[in-house]
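Some notes on the structure that comes next.
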Amino acid sequence: MFDESFDVIVIGAGHAGCEAASAAARLGAETCLVTINLDLIGQMSCNPAVGGIAKGHVVREIDALGGIMGRVIDRTGIQFRLLNRSRGPAVQSPRAQADRSLYRTEMRRVLEETPNLHLRQGVVVDLIVDNNSVIGVAMQDTRRFGAKSVVVATGTFLNGTIHTGRQTFSAGRAGEPASIELAQALKNHGFTVGRLKTGTPPRLDGRTIDWDAFEPQAPDEKPVPFSFSTEKIEQPQIQCYIGYTSDRVHRAIRENLHQSPLYSGKIQGIGPRYCPSIEDKVVKFADKDRHQLFLEPEGHNTNEVYLNGFSTSLPSQLQQELLRMVPGFENVSLIRPGYAIEYDFVDPRKLRPTMESSQMSGLFLAGQINGTTGYEEAACQGLLAGINAALSIQGRKPFVLERDQAYIGVLADDLIRHGVDEPYRLFTSRAEARLLLRHDNADRRLSPLGRELGLVGDRDWERFNEKRDRIARLRNLLDSTKFRRSSVEYASVAQLLNTDLGDSFTLSQLSMRPEVSSDLIVRLLPEEVRKSVRTSELETALADSLYSGYVEKQKVANERVNHHDSLRVPDGFSFGTINGLSNEMVERLERARPRNFAQVKKISGLTPAAISTVLVHLTAYKPQDNNLS
């Protein structure tokens, strides 16, 4: 009946598929990763970068659980930066520009060295189903592969359509065929399918750019790795550059909006709110006379440059004309034009927290098929799906992450409870427990779970325990090291800060002052500790102290939110009168018109902060006065 049989089949070798296949195989399941082109495993279809706000947290969580994305980017990243350095530790997040070609090569190498993992090239056209359980897949070349579990991680390939100006053609991404038959098969099997849109900017020939016209953006002097197993980033780093559009560019775009499929009506899918095209920026932010551009080289051995901030579906010739209006791009040439792509997705509200479909036993969905956007969001879903696909056939209990355990838990819960009305992107503001969910403590939160699953190996587990013990000793030292008014250190610190510090202070108390840096704390540590302390571990210990009080307050606030479900929203209530709500939050509330607070909490895209703000105003609402400002 089958040409080959496996425990788990993963369809698609993007970021979701790679994590799913790796996890399932390392948990002992004979796993097959099927993709249209084996040479494009781990392809970065859009920006060759990993991490960013909240996204960097997710990559750290993937690594802590035993996933592979963090290790691969650490070996292939060419510009590492820790974002939000000037803000609190909870919202700082690592990001790295990748060498696109090296990332793909390294990802394939990692997968090919994984025991129990088999790579197959081909196009999947249908699921083979028996008694509402998936038992295999049918290939376009007539092969049939049997499986006990199947993970679908098809990215933008499901019925993908590319738009560039008036040109429209079927593709999964530029240069690769769309998955038409599988998209239709999912509909035939009864899945609710919608349509979303995303886009990508043009790639430029770096030899035709006047680099002196742009502002250099240097990498961090001491790169922060993604993987907890990476001691140091060794490979050479590059500079990126910052530039700006102009009013002249904006006028030209407005004059040519009729050539944009986004505004001509050709594109029906909903695009990502938080990554708008340049056409959208010009129309929706008409008051701005310029928009920022990031010039990001795609590798050490290529002239190709990614133009972050200029996503577009305008005609390719017009794209070049517009760019040549930007100072520094007067003679620029396009290697690849930007384009928009529409694709099918499946309603994620029909998923279980394990990423298994509630409509078909043994079928797991991960990545953009669930309505998300971004490599990191896809990868963490793939990890969950791969883990649970293996656990389900081994008779082991499912693996589920809660919202207060990980950003991965926040993402999964958001998708399953609320679904999507636009491509979903993760933000720190989506997490109620974001002060707990820092990028630096992801291993402490999740590595014990990864070890229990069997994904964290002996060496990594030993490394984790050694680090955990060192941080515990540091925290005890911070709490117990005290300086009294009579000490030399007290006088020095008081003079430096120009303030009275009471009769005495501990290092923990001192670290809570916003003007106090970790460097000052290091200078006050006992000499024998000072010589051996690791900066990253000290910063983790200091962050624990800094947030301890806030975390307790946050818990109380979260409990309060969960005890007012029956609170009624008055008829005709105007959410626009509530101070503290962004225009986006008001728009979502007014569109949904919830009748009670329980319904408010279910609105897709509403942040925890917005939910709390609505609760405060509803509890204080007086029927005779609808102006709550």
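Both backbone and side-chain heavy atoms feed into the values below; hydrogens, waters and symmetry mates do not.
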To the nearest 0.5 Å, atom CH2 of Trp461 lies from atom CG of Asp443 at 10.0 Å
Sorted by chain and number, sequence neighbours left out, side chain to side chain donor-acceptor pair (under 3.5 Å) with Asp440 holds for Arg438, Thr540
Review point. Between Asp458 and Arg451, is there a side-chain N and carboxylate O pair less than 4.0 Å apart?
Key: yes
Could you go through residues 490-498 and list every donor-acceptor pair under 3.5 Å that involves a side-chain atom there, pairing it with any protein atom two or more places apart or in another chain?
{"residue": "Tyr490", "atom": "OH", "partner": "Leu501", "partner atom": "N", "Å": "3.0"}
{"residue": "Tyr490", "atom": "OH", "partner": "Gly502", "partner atom": "N", "Å": "3.2"}
{"residue": "Tyr490", "atom": "OH", "partner": "Gly502", "partner atom": "O", "Å": "2.5"}

Rounded to the nearest 0.5 Å, the SG atom of Cys18 sits from the CD1 atom of Ile41 at a distance of 6.0 Å
Asn441 and Leu436 have their tightest heavy-atom pair at ND2-O, 2.9 Å
Practice task
Would you mind reporting whether Tyr103 and Met69 have side-chain heavy atoms less than 4.5 Å apart?
Solution key: yes
Value for CG (Leu295) from CG (Asn308), rounded to nearest 0.5 Å, stands at 9.5 Å
TODO: Output yes when Arg71 and Glu19 qualify as a salt bridge under the 4.0 Å nitrogen-oxygen rule, no when they do not.
DONE: no
Under the criterion salt bridge (charged side-chain N to carboxylate O under 4.0 Å, His left out), I'd like the reasoning laid out for Glu61 against Arg445: C-alpha separation, chi angles, the key distance, then a yes or no. CA-CA 8 Å; Glu61 291 177 352; Arg445 291 184 278 118; 2.9 Å; yes
Residues at least two apart in sequence or cross-chain that pass side chain to side chain contact (heavy atoms under 4.5 Å, CB included) with Lys482, listed by chain then number, are Arg484, Ser504, Thr506
Hey, does Val456 have a side-chain heavy atom less than 4.5 Å from the side chain of Leu65?
-> no
In short, salt bridge (charged side-chain N to carboxylate O under 4.0 Å, His left out) pairs touching residues 492-506 with sequence neighbours left out are Arg485-Asp500, Arg485-Asp503
Contacts of Thr481 meeting side chain to side chain donor-acceptor pair (under 3.5 Å) (sequence neighbours excluded), chain-then-number -> none
Next on the checklist: Run Gln381 and Thr372 through side chain to side chain donor-acceptor pair (under 3.5 Å) and show every step you take.
Outcome noted: CA-CA 10 Å; Gln381 292 174 70; Thr372 60; 3.0 Å; yes
Would you call Cys240 and Pro297 a side-chain contact if the rule is heavy atoms closer than 4.5 Å? yes
Checklist line | Side chains of Phe80 and Gln237 in contact at under 4.5 Å (non-hydrogen atoms) | finding: yes
Between Glu537 and the options Arg473, Arg475, Arg470, the salt bridge (charged side-chain N to carboxylate O under 4.0 Å, His left out) test singles out Arg470
Side chain to side chain contact (heavy atoms under 4.5 Å, CB included) test vs Leu507 passes for just one of Asp479, Leu542, Leu477, Leu478, namely Leu478
message: Does Asn388 form a side chain to side chain donor-acceptor pair (under 3.5 Å) with Thr354? I'd like the steps, not just the answer.
response: CA-CA 6 Å; Asn388 284 298; Thr354 58; 4.9 Å; no
Would a 4.5 Å heavy-atom cut-off, applied to side chains only, mark Tyr241 and Leu293 as touching? no
Applying side chain to side chain donor-acceptor pair (under 3.5 Å) to Arg207 and not counting sequence neighbours gives Asp205
- Does CZ belonging to Arg290 count more than 12 external heavy atoms closer than 6.0 Å? no
One should read off an interatomic distance between Ser511 OG and Leu520 CG, to the nearest 0.5 angstrom, of 10.0 Å
The salt bridge (charged side-chain N to carboxylate O under 4.0 Å, His left out) partners of Glu113 (sequence neighbours excluded) come to Arg109
Check: Does Glu432 reach the side chain of Thr607, with side-chain heavy atoms less than 4.5 Å apart?
Finding: no
Discussion item. Does any part of the side chain of Pro236, heavy atoms only, come nearer than 4.5 Å to the side chain of His300, both counted from C-beta?
Written reply: yes
* Given Ser227 and Asp74, is the side chain to side chain donor-acceptor pair (under 3.5 Å) satisfied, shown in steps? -> CA-CA 7 Å; Ser227 176; Asp74 281 352; 4.5 Å; no
What one should report as the nearest heavy-atom pair of Pro201 and Tyr306 is CD-OH, 3.3 Å
Rounding to 0.5 Å, atoms CD (Gln79) and CD (Gln217) come to a distance of 5.5 Å
| query | Just wondering, do His57 and Leu426 contact through their side chains at under 4.5 Å, heavy atoms? | reply | no
Taken in chain and number order and not counting sequence neighbours, the residues that satisfy ring-ring contact (aromatic ring centres under 6.0 Å, His included) with Tyr424 are none
Contacts of Phe310 meeting ring-ring contact (aromatic ring centres under 6.0 Å, His included) (sequence neighbours excluded), chain-then-number -> none
Proximity of Phe505 and Phe483 rings by center, below 6.0 Å: yes
Correct closest heavy-atom pair for Gln92 and His439 would be O-CD2, 3.1 Å
So CD of Glu376 and CZ of Arg60: to nearest 0.5 Å the spacing works out to 14.0 Å
Residues passing the salt bridge (charged side-chain N to carboxylate O under 4.0 Å, His left out) test with Glu584, sequence neighbours excluded, are Arg273, Arg588
- Query: Can a salt bridge be assigned to the pair Arg444 and Asp544 using a cut-off of 4.0 Å between side-chain N and carboxylate O?
  - Reply: yes
Those residues at least two apart in sequence (or on a different chain) that pass salt bridge (charged side-chain N to carboxylate O under 4.0 Å, His left out) with Glu462 are Arg459
field: Pair Phe329-Phe214, ring-ring contact (aromatic ring centres under 6.0 Å, His included): steps then yes or no
entry: CA-CA 10 Å; Phe329 285 158; Phe214 298 97; 4.9 Å; yes
In terms of heavy-atom contacts, Ala431 and Val410 come closest through CB-CG2, 3.9 Å
Does a salt bridge link Glu234 with Arg75, judged by any charged N lying under 4.0 Å from a carboxylate O?
no
If the threshold is 4.0 Å, N to carboxylate O, is there a salt bridge linking Arg203 and Glu298? yes
Give the intermediate values and the outcome of side chain to side chain donor-acceptor pair (under 3.5 Å) for residues Thr245 and His291.
-> CA-CA 5 Å; Thr245 59; His291 291 287; 5.5 Å; no
When every non-hydrogen atom of Met512 is compared with those of Ser548, the smallest separation belongs to CE-OG, 4.3 Å
With sequence neighbours left out, the residues meeting salt bridge (charged side-chain N to carboxylate O under 4.0 Å, His left out) with Arg85 are Asp220
When every non-hydrogen atom of Ser518 is compared with those of Leu538, the smallest separation belongs to O-CD2, 4.0 Å
| task | May I ask you to check whether over 12 heavy atoms, not counting those of Glu528, lie within 6.0 Å of atom CD? | result | yes
